[in-house]
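What you see is a predicted model; the values in this text were computed from it and never measured. Below, chain A is the first sequence line, B the second, and so on; all start at residue 1.
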Amino acid sequence: MFRRGLNISKNTNGFEIESHYDRILQSCTSLAFLSQVHSILTTTGIIKHSVHLGARVIIKYSDFLHPQRARFVFDATDHESSSFLWNTMLRAYANSGFSSEALDFYSLMRKTGILPNNYTFPFALKSCAANLFPTYGKLLHSEIIRTGFGSDVYVEAALIDMYAGCEFIEDARKVFDKMSKRDLVCWTSMITAYEQAERPETALFLLNQMQQEGFSLDWVTTVTVASAIGQLGDGMKAQAVHGYAIRHAGFQDLPVVNSLLSMYSKCGEVEKAEIIFDQTKQRNTITWNSMLTCYTQNGLASEALDLFEQMKKSDINPNHVTSLIIVSACSYLGSQHLATKIHNFIKINKIETNLTLQNAIMDMYAKCGDLETSLRMFQEVPLSQLDVSSWNTLISGYGTHGHGKKALEIFNKMINHNFHPNHVTFTSILSACSHSGLIEEGKKCFSQMETFNVTKEPKHYACMVDMLGRGGLLNEAHEIIKNMSLQSQSQSHLQPNDEVWGALLLACKIYGNATLGKVCADNLLHLKPQHTGYYVLMSNIHATSRNWQEVGKLREDMKTKGLKKPAGLSLIEFNGNLHGFHTGEELNSFTKAVYEKVAKMVVDVKMAGYVPDLSCVFHDVEEEDKEGMLEYHGEKLALGFGLMNVDVGLVIRITKNLRVCSDCHSVFKLVSCVYKRKIIVRDVNRFHHFEEGCCSCNDYW
DNA sequence: GTAGGGTTAG
């Protein structure tokens, strides 16, 4: 039983024995070895009388996240005399995430009559925050004042963290302001509190004050500050922090590097994030995940998937967070082949699939056009294990595929099963109603929001405006916005935003209402002067009524502001690969055949009654030229490619990054009839299933 | 002999 090295000679004294085992315990790196040492200490009876070794074993077990075993040690050790062992046990619970056990243990400690001290409170407070237990935290706070530990800097820092963790940021600030002496950790705690509360400006303001008082940032402060700057999305400040980190030693470690990478990612500085990533040779999971997130969040989903392939070849294993990122990248691309591949990867590698990931996978299948698999996954989860997000995913899946009635059915089922709908549920169900033209049902859902105590947000109003607008009820839609304005006098968050006006503008485009369109555009250009989509929509309205002068003015305006129409990109899957087609794709040996196919396709659909819809063309050019330009839309090229390559009998699937234009929409309908092909297009808002000359959206999109 | 602040995903 005794291993070499654990053996000690018979004539060593008690102190030597203790320090001998202490050294062994300190260097212990595996749970198995720890258990062995523990059992020796127990059988020899050494641990029972050595408070010091008992504490050491307790801490070690909690390092391995086994506070239950630590508790056995505590119970078997002589702990009546002092609070030391109690504090150690409390620490074990608090630091290994067993916060409710920690609080129970604290109560036991008080009942036993052990007096808490300056070491006790930080651990107890930490567990309150982890438990979101502000009542208990406040109780502790008064106990701290009563016992006279209210001005211990460690206790005060823990109070700040506790209040901040319970989202009582003003109480945290009160503690901070009352402190007579503040160290760097307290400053950092308070700055972190604001950062976590998504108040980056206040966080940076406090940082400035901290520096004025003579403190400089250490690596922990830097990580927090990087995160705050990421929230702000301020590229200039980002560079300043990066420079600071480069100038200071000890800032090259992964936590700082990862936080800088993520900061640049949130500022949209993909290239700078790439430089950091490439320079970092020793990457951990967070490094990889941050870079993957950077690509995904900045609209570079293909790059994210390429990087994921590299990650699989590296020595770092993808985890459930990686999976979540990749699943979202795939959802963005809309590739069914990839969806299956990624899901298989998750299954084969036995990646821990919590409900969040499960829901994301369901959502991915729905967004890749495979509603059946999404539904099957939903049905496989026992009812008791579903959450609101699971239901939301399903409702939104049916909604985007144009099955509004089915979405309503699921919505009602969810309520009958006593799930409480949230703001996402209502966004999903309202937009489902909108996509299917279910105006009355939509209005009913909108009024139900109060019943379920869900606050109406601008996005919900936007859904209503969209629904009414698409249904041709432009005035009623406009009334909704006016109503919002009235309400916003008392509820400032209800100020009509760009989403609301944008929805009405779109309706004006569909119904050719230039007068109301102008009202929308004026508001939009004021609210979002950099958003090109609104310029394009408004100029389309003017183009429809052949008001080329206004079209010209808008184009001039965009030019002065340096704005460009976003590039349309259509993706089509073939042989497991994605092919991208931009609008106005360059002519080369590969695209030549595609162009020819599209030209032939246009001739064929003209025979079936196609008349080009010239309002979709931005410029004032000769009618014939305009017709020529329409052929170059990315989705038409992708369709041409699909007709050439995808086997007859198989569905042609295309994903587009913008809304599909009305001209392409009519071409797709006719192609589905003339060529007898099923085509599924996912645009930025919804799915279009084209078959036998009709689209599942009933031209309602 | 015991303590405190941090990064990724949604």
Side-chain angles (χ1 to χ4, degrees), chain A residues 18-19 22 26 50-56 58-59 62 82-92 94-95 117-126 129 149 152-162 164-165 172 176 182-193 195-196 210 215 217-228 230 245 251 253-263 265-266 273 277 283-294 296-297 304 316 318-329 354-357 359-360 363 387 389 392-393 424:
Chain A
E18 199 173 55
S19 56
D22 190 35
Q26 279 192 54
S50 167
V51 171
H52 179 75
L53 285 178
R56 185 70 77 195
I58 289 172
I59 290 166
S62 80
S82 78
S83 54
F84 168 53
L85 267 178
W86 287 85
N87 286 342
T88 310
M89 190 57 226
L90 186 61
R91 171 191 171 183
N95 284 355
N117 60 21
N118 54 324
Y119 293 99
T120 319
F121 290 118
F123 299 124
L125 288 166
K126 184 178 184 174
F149 292 105
D152 180 284
V153 73
Y154 284 86
V155 175
E156 285 172 311
L159 277 169
I160 293 174
D161 289 333
M162 183 276 290
F176 179 79
R182 302 185 190 100
D183 63 8
L184 180 63
V185 173
C186 298
W187 279 100
T188 310
S189 279
M190 199 59 231
I191 293 170
T192 307
E195 181 266 318
Q196 294 282 317
M210 179 188 105
F215 291 99
L217 297 78
D218 72 353
W219 70 269
V220 182
T221 326
T222 308
V223 167
T224 291
V225 168
S227 173
F251 282 55
D253 298 336
L254 277 182
V256 178
V257 170
N258 291 341
S259 73
L260 293 174
L261 175 45
S262 158
M263 170 185 72
S265 156
K266 286 179 188 145
F277 182 79
R283 301 163 185 155
N284 64 9
T285 319
I286 296 176
T287 322
W288 284 95
N289 288 351
S290 301
M291 196 61 224
L292 289 168
T293 305
C294 176
T296 311
Q297 296 287 318
I316 300 293
N319 64 6
H320 68 285
V321 178
T322 321
S323 309
L324 211 50
I325 304 165
I326 290 306
V327 162
S328 111
N354 55 18
L355 193 54
T356 312
L357 182 55
N359 289 338
D363 193 46
D387 68 0
S389 300
N392 293 350
T393 304
V424 181

### Task
Would you check if there is a donor-acceptor pair between the side chains of A:S262 and A:S290 at a distance under 3.5 Å?
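Side-chain D/A pair, A:S290 to A:S262: absent.
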
### No-hydrogen, no-angle side-chain donor-acceptor test under 3.5 Å, A:N284 and A:N258
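Judged by distance alone, the side chains do pair up.
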
Nearest-nucleotide pick for [X], side chain only, options being [options]:
{"X": "A:N289", "options": "B:dG4, B:dA3, B:dT8", "result": "B:dT8"}
{"X": "A:T188", "options": "B:dG10, B:dA3, B:dG5", "result": "B:dG5"}
{"X": "A:Q196", "options": "B:dT7, B:dA3, B:dT8", "result": "B:dT7"}
{"X": "A:V185", "options": "B:dT8, B:dT2, B:dG4", "result": "B:dG4"}
{"X": "A:Y119", "options": "B:dG4, B:dT7, B:dA3", "result": "B:dA3"}
{"X": "A:N95", "options": "B:dG5, B:dG4, B:dT7", "result": "B:dG4"}
{"X": "A:I325", "options": "B:dG10, B:dA9, B:dG4", "result": "B:dA9"}
{"X": "A:K266", "options": "B:dG4, B:dT2, B:dT8", "result": "B:dT8"}
{"X": "A:L324", "options": "B:dA3, B:dA9, B:dT8", "result": "B:dA9"}
{"X": "A:N87", "options": "B:dG4, B:dT2, B:dT7", "result": "B:dT2"}

#### Entry: N/O donor-acceptor pair under 3.5 Å between A:R182 side chain and A:F176 backbone
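Between the backbone of A:F176 and the side chain of A:R182 there is a qualifying donor-acceptor contact (under 3.5 Å).
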
Base, sugar-phosphate alone, or nothing: which one does [X] contact when heavy atoms must sit under 4.0 Å apart?
{"X": "A:T293", "result": "sugar-phosphate"}
{"X": "A:N284", "result": "nothing"}
{"X": "A:L184", "result": "base"}
{"X": "A:V223", "result": "sugar-phosphate"}
{"X": "A:F123", "result": "sugar-phosphate"}
{"X": "A:N354", "result": "nothing"}
{"X": "A:T222", "result": "nothing"}
{"X": "A:N118", "result": "base"}
{"X": "A:T224", "result": "sugar-phosphate"}
{"X": "A:V51", "result": "base"}

Can you check the [X] [atom1] to [N] [atom2] distance for me, whole Å?
{"X": "A:F215", "N": "B:dG4", "atom1": "CZ", "atom2": "P", "answer": "19 Å"}
{"X": "A:L260", "N": "B:dT8", "atom1": "CG", "atom2": "P", "answer": "12 Å"}
{"X": "A:R283", "N": "B:dT8", "atom1": "CZ", "atom2": "C1'", "answer": "15 Å"}
{"X": "A:W288", "N": "B:dA9", "atom1": "CH2", "atom2": "C1'", "answer": "17 Å"}
{"X": "A:R182", "N": "B:dG5", "atom1": "CZ", "atom2": "C1'", "answer": "15 Å"}
{"X": "A:L254", "N": "B:dT8", "atom1": "CG", "atom2": "P", "answer": "14 Å"}
{"X": "A:M263", "N": "B:dT7", "atom1": "CE", "atom2": "C1'", "answer": "12 Å"}
{"X": "A:L261", "N": "B:dT7", "atom1": "CG", "atom2": "P", "answer": "15 Å"}

Is the closest side-chain heavy-atom distance between [X] and [Y] below 4.5 Å?
{"X": "A:V257", "Y": "A:R283", "answer": "no"}
{"X": "A:L53", "Y": "A:E18", "answer": "yes"}
{"X": "A:N359", "Y": "A:D387", "answer": "yes"}

### Query
B:dG5 base to A:S189 side chain: any donor-acceptor pair below 3.5 Å?
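Answer is no: no donor-acceptor pair is held.
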
### Query
Do we count A:Y154 as stacking onto B:dG4 if the rule is ring centres under 5.5 Å and planes under 30°?
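No, the aromatic ring of A:Y154 does not stack with the base.
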
### Query
Quick one: CG on A:N289 to CG on A:N319, what's the gap to the nearest 0.5 Å?
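Between atom CG of A:N289 and atom CG of A:N319 there are 5.0 Å.
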
